[in-house]
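Notes follow the structure.
Here is how names work: the chains are called A, B, and so on, in the same order as the sequence lines, proteins then strands, and each is numbered from 1.
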Amino acid sequence: MTADAPRICCLDLDTFFVSVERLLDPSLEGKPVIVGGVPGQRGVVTACSYEVRALGVRSGMSLTEAVKLAPDAIYLPGRDREYGRYSARVVAIAHTFSPLVRTASIDELFMDFRGCERLYHRAGDAHADATIERVVRELTAGIAAEVGLPASAGIATSKPMAKVACGLAKPRGVLLVAAGCEASTLAPLPVRKLPGIGPVAERRLSELGIMTLGQLAATPVRTLEPIFGAYAKALRERARGLGDWDMGRDRPAFREHDPDGEVLGSISNERTFMADVRDAPKIEGILCSLCERVCWRARRRGVKARTLTLKLRYADFETLTRSRTFAPSASERDVLPVLKALYREARQRKRAIRLLGVALSNLVLDEQLELFPADRELRASVDSLRERFGFDAVRLGSSLK
DNA sequence: TCTGGGGTCCTAGGACCC
DNA sequence: TCTGGGGTCCTAGGACCC
């Protein structure tokens with residue numbers, strides 16, 4: 001099912017992290033910039049400027065590979081707090097244009113302009129589609145003028161189609177796909193361009209000789225079912241531009257609680273070590289610090305967790321998870337013993353560890369604080385310091401190396 | 001020194017209850 | 001003694017997104 005006219009807008013900030021770094025340091029303008037880490041670190045490219053894309057660098061690429069292609073680029077570690085601040089300013093501007101805004105990620109949001117045509121209509125507009133396109137251009141211009149960030153937008157009858165259109169519009173462009181033109185717009189594109197088709201699906205489709213979305217749209221559902229199961233029909237509809245227009249939910253950081261007190265989403269932190277680790281006390285310390293971090297984030301969100309998951313990646317990249325469910329808590333006092341028990345059960349001595357991660361899920365609204373009073377007082381002051389200065393401003397003794 | 005870190009969603013099997 | 005379902009919760013893993 002789709003909206004009957006192109007009124008769903010996908011807005012995406014171009015090379016977002018790089019653009020923010022350039023606002024904070026204008027001398028980076030026009031230079032090759034890579035955000036994600038500095039050479040020698042373990043990491044991947046999270047964002048890169050068009051100057052290094054010309055050299056073949058892509059986001060998601062390992063830092064070592066990027067260094068080979070662009071040894072002279074400027075490498076930056078990234079600073080999430082700043083990115084979050086700029087993102088929030090863009091979201092605020094979007095809200096002044098449409099009552100229905102959904103954040104999809106830190107640099108991408110969807111807007112629904114259905115019912116807004118008359119509100120925005122001007123004498124010069126040829127038709128309602130032209131009105132919406134003009135308004136979206138005003139939106140991207142407003143973001144450029146007020147925040148200084150370049151943005152692109154796609155407008156279509158469904159979310160997936162709007163997202164693809166946004167990709168086609170980059171950089172700094174706006175593209176409206178008129179109702180009825182979806183299939184022909186998608187047909188020549190490689191299957192990988194469709195949201196929901198990743199590297200695995202791309203490979204399996206290519207084994208069937210299906211390379212383009214036009215070919216996918218013409219493939220019988222029967223043929224696709226072995227690969228995609230129950231998802232096959234919806235995926236083929238999507239390839240025809242008929243995807244869902246349901247606006248869905250905000251990402252967790254912006255999301256309100258459900259009325260029944262249940263909270264969706266999860267809170268996780270993980271860390272890959274500069275060098276693989278065997279040292280037991282060091283591992284204990286890291287687990288402790290990860291535990292503190294997720295518990296602190298849960299308290300800040302006003303939730304408790306019922307499920308804890310430990311993630312463990314060995315040096316050979318083999319990855320496993322172990323989880324346990326318990327009475328709702330956001331206190332290290334409860335969570336840390338569970339985490340340590342999971343680790344004791346999961347670890348294989350002698351194998352070096354590359355990554356440790358901790359996730360809280362099965363979240364519920366924290367209605368009453370039921371902590372030991374002394375504990376609560378200490379933690380309240382720790383949390384308030386962190387509110388002002390960031391998580392690392394205060395560390396508990398147990399997580400210090 | 002190939003392969004980060006934050007997420008969402010889906011599947012599938014087993015336990016357990018009625 | 002043999003052999004049912006349906007429903008829900010828990011756990012593990014994997015694809016995908018930015």
Side-chain angles (χ1 to χ4, degrees), chain A residues 10 12-18 34-48 58-69 77-78 80 83-84 87 102-110 159-160 163-164 166-167 191-204 227-232 234-235 238 244 248-255 264-276 290 293-294 297 306-326 342 345-346 352 354-363:
Chain A
C10 174
D12 190 300
L13 299 165
D14 300 335
T15 64
F16 176 52
F17 296 170
V18 172
I34 291 175
V35 178
V38 297
Q41 278 182 342
R42 280 177 161 170
V44 300
V45 175
T46 50
C48 57
R58 294 288 177 272
S59 59
M61 185 178 270
S62 77
L63 234 37
T64 26
E65 207 175 339
V67 171
K68 281 182 206 154
L69 293 167
D80 294 343
Y83 305 151
S87 176
R102 291 281 183 264
T103 54
S105 73
I106 195 162
D107 66 351
E108 183 183 79
L109 57 82
F110 288 90
K159 277 175 75 176
K163 185 167 166 53
V164 173
C166 182
V191 291
R192 189 69 169 79
K193 294 285 181 190
L194 195 69
I197 295 186
V200 175
E202 180 188 34
R203 179 173 46 77
R204 299 191 65 180
I227 301 180
F228 298 104
Y231 185 47
L235 189 77
R238 217 180 240 215
D244 205 349
R249 291 191 303 264
D250 271 327
R251 70 194 169 96
F254 289 82
R255 192 186 294 159
L264 295 156
S266 61
I267 298 170
S268 68
N269 279 99
E270 59 185 58
R271 195 174 138 193
T272 296
F273 307 119
M274 288 284 283
D276 301 331
L290 289 168
R293 197 175 285 255
V294 291
R297 290 176 58 200
R306 294 192 51 238
T307 302
L308 171 73
T309 302
L310 164 74
K311 179 169 166 184
L312 211 162
R313 173 127 73 208
Y314 291 109
D316 63 3
F317 225 72
E318 190 198 332
T319 307
L320 55 86
T321 61
R322 292 292 176 268
S323 54
R324 191 144 300 163
T325 299
F326 43 81
L342 284 174
E345 291 163 26
R354 178 190 177 89
L355 168 149
L356 285 172
V358 176
L360 298 177
S361 59
N362 238 323
L363 305 177

R322(A) side-chain N/O to dG13(C) phosphate OP1/OP2 under 4.0 Å: yes
Syn-anti status, with the boundary at 90° from 0, for the nucleotide dT1(B): syn
Spacing of K163(A) atom NZ relative to dC16(C) atom P, expressed in whole Å: 15 Å
Touch class at under 4.0 angstrom, heavy-atom based, for R204(A) against every strand present: nothing
OP1 or OP2 of dG5(B) under 4.0 Å from side-chain N/O of T272(A): yes
S323(A) side chain near dA12(C) phosphate (N/O to OP1/OP2, under 4.0 Å): yes
P atoms of dC18(C) and dT3(B), separation to the nearest Å: 23 Å
Distance test, side-chain N/O of N269(A) to OP1/OP2 of dG5(B), below 4.0 Å: no
Min side-chain heavy-atom separation I34(A)-V67(A) under 4.5 Å: no
Distance below 4.0 Å between R313(A) side-chain N/O and dT3(B) OP1 or OP2: no
Whether R238(A) side chain and P195(A) backbone form a donor-acceptor pair below 3.5 Å: yes
Touch class at under 4.0 angstrom, heavy-atom based, for L194(A) against every strand present: sugar-phosphate
Touch class at under 4.0 angstrom, heavy-atom based, for L320(A) against every strand present: sugar-phosphate
Involving DNA chain B, stems made of at least three consecutive Watson-Crick or G-U pairs, both distances under 3.5 Å: B:5-18 with C:5-18
Heavy-atom check, side chain of L312(A) versus side chain of L356(A), under 4.5 Å: yes
Row check, F317(A) ring normal vs R313(A) NZ/CZ: under 6.0 Å, within 45°: yes
Spatial distance of atom CZ (R293(A)) from atom CG (L360(A)) [nearest 0.5 Å]: 13.5 Å
dC10(B) base stacked by Y231(A) (centroids within less than 5.5 Å, tilt under 30°): no
Nucleotide nearest E108(A) (side chain, heavy atoms from C-beta), chosen from dT3(B), dC18(C), dT1(B): dC18(C)
Sugar-phosphate, base or nothing in reach of V200(A), heavy atoms under 4.0 Å: sugar-phosphate
Residue whose nearest DNA chain B nucleotide is more 5′ - A275(A) or I267(A): A275(A)
Proximity to the side chain of T46(A) - top-ranked nucleotide from dG6(B), dG4(B), dC18(C): dG4(B)
Nearest-neighbour nucleotide for the S268(A) side chain, dC18(C), dA12(C), dG6(B) considered: dG6(B)
Side-chain N,O (T64(A)) to OP1/OP2 (dT1(B)) below 4.0 Å: no
Below 4.0 Å: OP1/OP2 of dT1(B) and any side-chain N or O of R354(A): no
Heavy-atom donor-acceptor pair, R192(A) side chain to I197(A) backbone, under 3.5 Å: yes
Upstream residue (5' side of DNA chain C) when R306(A) and T319(A) are each assigned their closest nucleotide: R306(A)
N/O donor-acceptor pair under 3.5 Å between S87(A) side chain and I106(A) backbone: yes
Spacing between E345(A) atom CD and dT11(C) atom P, to the nearest angstrom: 11 Å
Whole angstrom value for the distance that separates C1' of dC17(C) from CD1 of I197(A): 14 Å
Main-chain N/O of S105(A) paired with E108(A) side-chain donor or acceptor, under 3.5 Å: no
Check: S266(A) main-chain N/O paired with S361(A) side-chain donor or acceptor under 3.5 Å: no
S266(A) side chain near dT8(B) phosphate (N/O to OP1/OP2, under 4.0 Å): yes
Rounded distance in Å - CG (N362(A)) to C1' (dT11(C)): 11 Å
Nearest-Å distance for atom pair CD/P, residues E318(A) and dT3(B): 17 Å
Sugar-phosphate, base or nothing in reach of M61(A), heavy atoms under 4.0 Å: nothing
Sugar-phosphate only, base, or nothing, as touched by A201(A) at under 4.0 Å among non-hydrogen atoms: sugar-phosphate
Length of the CG-P vector between D12(A) and dC17(C), whole Å: 14 Å
Candidates dC18(C), dC10(C), dG6(B) - which lies nearest the side chain of E270(A): dG6(B)
Atom-pair distance (NZ on K311(A); P on dG14(C)), nearest Å: 11 Å
Test log, rule salt bridge (Lys or Arg N to Asp or Glu O under 4.0 Å), inputs E270(A) and K311(A): CA-CA 8 Å; E270(A) 59 185 58; K311(A) 179 169 166 184; 3.2 Å; yes
Nucleotide of dT11(C), dT3(B), dC18(C) approaching S62(A) most closely (side-chain heavy atoms): dT3(B)
Distance test, side-chain N/O of R192(A) to OP1/OP2 of dC17(C), below 4.0 Å: yes
Spacing between F17(A) atom CZ and dG4(B) atom P, to the nearest angstrom: 16 Å
